[in-house]
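Taking it in order: structure first as structure tokens, then the write-up.
For reference, positions follow the sequence shown, starting with 1. Side chains included, hydrogens not; waters and symmetry mates left out as well; all remaining heavy atoms used.
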Amino acid sequence: MSSAEMEDLAEEQDAMDESAEKTDTEEEDTSGGDTNTEDEDTDDDDIDESIESKHIKEYIEILTKIAGDKYNYDNYAELLEVAHQMNDLEKIRQSAEIFAAMYPLSPEIWLRWLKIEASIATTDEQIEKVEKLFQRALNDYYSGDVALEFAQLAMKTTSKEISERIWRTLIPTYGLHAMKGRTIFEAYREDTLTKNGDTPESFNKLARIYEQELKIPLRNMEDSCIEYKLLCEKYKDQLTDLDEEKFERRYKQAKDALQRMLPHESALASLEMHRHQERAELFRKYIADCQAVLDDDEVQILYERMVAECCLDGTVWVDYLRYLLRCPPDPEDNPSSPVFRQSELDVVNRALRNCPWCAELYVEKMRIAERHHKDSAKMMILKIMEDVATAGLQTPEASVKVWLEYLTYLRRVTDFTSEKERDILRANFDLAWNQLGRAWGVLADPQCKILQFWGRLEYEAMGEPSKGRDLWHSVMDSADNSTRTGLWIEFTELEAKRGADSVRKLYRKSITTADLDDPETLAAAWLRFERCNGTLEQLISCQELCNATIEKYYKTLSTKSSARGAKVRRPDGVVAGGKDSTSTSTGKSIQSATEANAGGVGKKNLKRTHDQTVPSEVAGAQKEEFKTPAIPAPHSAKGSDLNSQESSSRNSSKRPKLEEEVSEIEAAQKKSVENRQVFVSNLSFEATEADIRAIFPELAIESIELVASSSGKSRGFGYMLLASEQDIPKALSFDRRPLAGRPVFISNVARDKANRPHQFKYSAAFEPNKIFIKGLPFTLGRDDLQRLFAPFGAIKDIRIVCFRSGKSKGLAYLEFETETAAKNAVLKMDQHVIDGFTITVAISSPPPKKNPTATEPNLAQAGEDGESAGLGASSSLGSGKRQLAKGDVKQKLSPMIPTALLKKSVAAAAGGNDKPKSNDDFRKLLLKQ
């Protein structure tokens, strides 16, 4: 707002204040008179003027705030709200324009303003102005509600030209909305009939509109299909160009696609609006699942809906931009569509108005400028970098990402044969490094990615290896880069341009660096280099230094792990921490390397003996560390017995009692913790401790430990520690409570499996008052089942069977209060059709579960016969077949028995008449052969 407008508002405020003072004076002069109707009207006017004066004052104060902080979104929203409270259309327009100049207006803000404008527009000129406002609203966000209001404007105007222009905007874009597209088409047909009348041309146009609609997957498209067929039947003499076969084929394809889309639409509709991250994930799954059955335009509409509903998530805009790169729309196909006529640059500009803090969007905009605007790319990218400086990115990592993209672009357009251009590129690298340092201090680029990039260019394209070496030394001296083996290897590869001596010197420096994360890989790289380029002395020197470093590394690991009681093993299988392990391993490595280089004159022994595999010293150390328990001597050996008793008494006297007490206390504490823990699983990978606490407000939770992978991400399960052991049954009763659409599994955490046998929560017996339903639509919920089966009697419980992801399997159990209600439900609802799904309803009678310990009938019978059965059970190969229990190993037949005999014995066993053969029988058979 200009200063002149601010002064006008201030003068208006002063005038209102003077009027209020004058009114107060008049009231004091006439205070002695009687109260009448005129006095009451004056009081009402005074109140109105006071409220209006308050609103104007508040309006001016908010404008002052905006002038001081133009990036505060809340100030703009507050300004617009005050303008609506004033009921002043000019103020509403003014505040909305101020808002729109800085941020895109949400569909709700647009609707509130557009409804006012549309209600007072009467002439075609006024309607055209409102039409332009609608176009602006649709350019900001894809909104079905705004589109429906726009359709009302098309039906309101008497101008065919204006209405056709509006429909050309709406139909190609919002007619593709799976949930609201049919409403748009209905309004279009109604407007067509109203403006064209009952003429053959009008009926043919209606038929074309129906055909256009019914090839798009839209909710309730079956109703439109019935209406279309009725129209064709009623006016078949007047309709032309009907192709029933083509129509049916397209309609079937659209209907099949709709069946695939509806579960995703239901999931989106059931999700709360403020859960934007989960909504974005649902849209991504929706697109991935349905992209194969949808046209490119329909997929783009899904992306538009995603960015409209998750507009503050920069990642959804990046996904949309990358889709447009793969499948760019043709603006000539739909020049009036606010979606399909936009370019990648238009979309990224919309994205940055919503997420000016997102570094990935600035990177995408630079790439779009280079890809599509080569002539003006340099100026556009410079302008982008100015916008980045103005917006102020929130993290140093984001700033580094944008600077790296900018410097990469400069590298691509630099002519490295020109010294001037090389100096310009160097100046930009220097500018980036210094600006990041000024903005973020020590937090700026701790990994020195910009210096790494700059140094590599100096080594290669710029032809200044000495400058590159200086830059890389700066990289290795920064933060903890000197401990990163990968950076040292990259540095040595670059140093190879300066000669083998430089590389060798750098390897020697790097291998002696403290706290290397992977010294073995670095040592292997140096050894390969020396094998290819070094002399024998250089190779041996390298091996000695590398072996010493690796021994030191494993000794450090052994010291750190000794507190945990773990054993650290080196690659050669020797346990670190042995008495002479360092010298033995080092000497062995040097010796083997020397022999490998010197070679042997005689024939090489390729087969190693056991003595060659493990040296005696090492074997002794292993025996020292891994002692087998002593076998007690027989009681008949008197002297041995006395020695063992003396030894045990000495050991028992040396054993401190304190350690036993401490171990008992620790065991008791551990058991106490285990008794208060439950195991939670089937969690979403994005679920946090706060989310889990939020869905179990009834529990007193001390702590939650989510198990993470090596990358730090949740693995979807963890442990929940409760305040008391008495809360365990209560927690187990909350098993399968949903979190983010997934059932959370809660189970006992007892370490001993015998103490936590699996118990099925539900009855496996015949239940006459419970029904089993299968074939249900996957989107059907508890409320829908309640409405369907409530007429048959009082319902006690409903359980929908779900996958681990929380999606329905199409199965359900419904328990009535009485058996009569269950029987009536089976009679009336079996083979009932719901949304195209034929359901099966039956009384719940689960099949009996198999007993894993059950035996064959003949064995059970033998068990009843007493001792003879016992003897038979332990008979030879000819004994009857027994069923293996879990964990048993199947007994293998002897390989000495010929195949022919095996077949005969199997056939005989199948007959069941011959008695089982003993070992003597088999021996006789073999002798006959």
Side-chain angles (χ1 to χ4, degrees), residues 66 69-77 96-107 109-110 135-143 276-277 279-280 283 300 303-326 328-329 331 338-373 376-409 432 435-436 439:
I66 291 173
D69 183 9
K70 66 178 182 178
Y71 294 107
N72 191 324
Y73 185 92
D74 294 336
N75 288 340
Y76 294 95
E97 292 295 349
I98 293 172
F99 200 162
M102 193 64 198
Y103 293 106
L105 303 185
S106 67
I109 292 174
W110 273 114
Q135 293 284 1
R136 286 176 57 189
L138 298 178
N139 285 333
D140 274 352
Y141 295 110
Y142 184 91
S143 170
H276 302 295
Q277 189 174 359
R279 185 170 295 276
F283 267 114
Q300 187 172 350
Y303 274 107
E304 279 286 342
R305 288 174 58 189
M306 178 170 69
V307 298
E309 295 183 31
C310 312
C311 60
L312 299 182
D313 185 350
T315 60
V316 301
W317 289 100
V318 173
D319 291 346
Y320 186 17
L321 287 165
R322 289 175 183 169
Y323 171 75
L324 291 178
L325 176 62
R326 297 192 305 270
V339 171
F340 302 122
R341 71 186 176 204
Q342 62 184 346
S343 64
E344 288 180 71
L345 190 61
D346 295 329
V347 174
V348 78
N349 285 331
R350 287 172 58 202
L352 285 169
R353 276 170 60 81
N354 287 275
C355 307
W357 57 82
C358 183
E360 287 81 2
L361 291 175
Y362 291 106
V363 170
E364 291 294 330
K365 189 172 182 180
M366 289 186 203
R367 294 178 180 179
I368 291 167
E370 184 180 0
R371 194 182 300 123
H372 298 296
H373 305 274
S376 57
K378 185 169 283 190
M379 295 304 299
M380 289 179 67
I381 291 174
L382 281 173
K383 178 65 170 60
I384 292 169
M385 293 303 295
E386 291 175 4
D387 293 341
V388 170
T390 305
L393 298 179
Q394 298 175 345
T395 62
E397 291 80 10
S399 300
V400 170
K401 187 176 293 185
V402 174
W403 270 110
L404 277 174
E405 187 65 26
Y406 175 60
L407 293 169
T408 305
Y409 164 74
Q435 282 201 0
L436 286 170

| field | Student check: side-chain heavy atoms of F283 and D319 closer than 4.5 Å | value | no

| query | For G314 and C358, which heavy atoms make the closest approach, and how far apart are they? | reply | CA-SG, 3.9 Å

| query | How many angstroms lie between CZ in R279 and CZ in R305, if you round to the nearest 0.5 Å? | reply | 9.5 Å

| remark: Which of M366, K365, R367, E386 passes side-chain contact (heavy atoms from CB on, under 4.5 Å) with I381? Answer is M366

| request: Supply the atom-to-atom distance L105 CG to R136 CZ, rounded to the nearest 0.5 angstrom. | output: 7.5 Å

| note | For L312 and W357 the tightest heavy-atom approach is O-CZ2, 3.6 Å

| task | For the residue pair D140 and W110, confirm or rule out a side-chain donor-acceptor distance under 3.5 Å. | result | yes

| Considering residues at least two apart in sequence or located in another chain, which fulfil the salt bridge (charged side-chain N to carboxylate O under 4.0 Å, His left out) criterion with D313? | none

| query | Can you check whether V316's main-chain N or O pairs, donor with acceptor, with Y303's side chain at less than 3.5 Å? | reply | no

| field | Taking every non-hydrogen atom, the tightest pair across A280 and C310 | value | N-SG, 3.7 Å

| query | Does the side chain of V318 reach to within under 4.5 Å of the side chain of L361, using non-hydrogen atoms? | reply | yes

| message | Any non-hydrogen side-chain atom of Y71 less than 4.5 Å from a side-chain atom of Y76? | response | no

| field | Closest approach of M380 to L345 (non-hydrogen atoms, all atoms of both residues) | value | CE-CD2, 3.9 Å

| Min side-chain heavy-atom separation M385-W403 under 4.5 Å | yes

| Can you tell me if E309 and Y141 form a side-chain donor-acceptor pair at under 3.5 Å? | no

| To the nearest 0.5 Å, what is the distance between CG (L321) and CD (E344)? | 7.0 Å

| note | Heavy-atom closest pair (I384 atom, Y362 atom, distance to 0.1 Å) is CG2-CD2, 3.9 Å

| message | Please determine whether the number of non-hydrogen atoms from other residues, nucleotides or ligands lying under 6.0 Å from atom CE of M102 exceeds 12. | response | yes

| request: Find the distance between CH2 (W317) and CZ (R353) and round it off to the nearest 0.5 Å. | output: 10.5 Å

| field | Test side-chain contact (heavy atoms from CB on, under 4.5 Å) applied to M306 and Y320, step by step | value | CA-CA 9 Å; M306 178 170 69; Y320 186 17; 5.5 Å; no

| query | Does any non-hydrogen side-chain atom of D387 lie less than 4.5 Å from one of L352? | reply | no

| request: List the atom of V402, the atom of A359, and the distance in Å for their closest heavy-atom pair. | output: CG2-CB, 3.8 Å

| message | Heavy-atom count check: over 12 atoms from other residues, nucleotides or ligands less than 6.0 Å from Q277 CD? | response | no

| request: Indicate yes or no: does R350 engage E304 in a salt bridge with an N to O separation below 4.0 Å. | output: yes

| Can you tell if the side chain of Y406 reaches within under 4.5 Å of the side chain of L382, non-hydrogen atoms only? | yes

| query | Can the ring centres of F99 and Y73 be said to be less than 6.0 Å apart? | reply | yes

| field | Heavy-atom check, side chain of H372 versus side chain of S343, under 4.5 Å | value | no

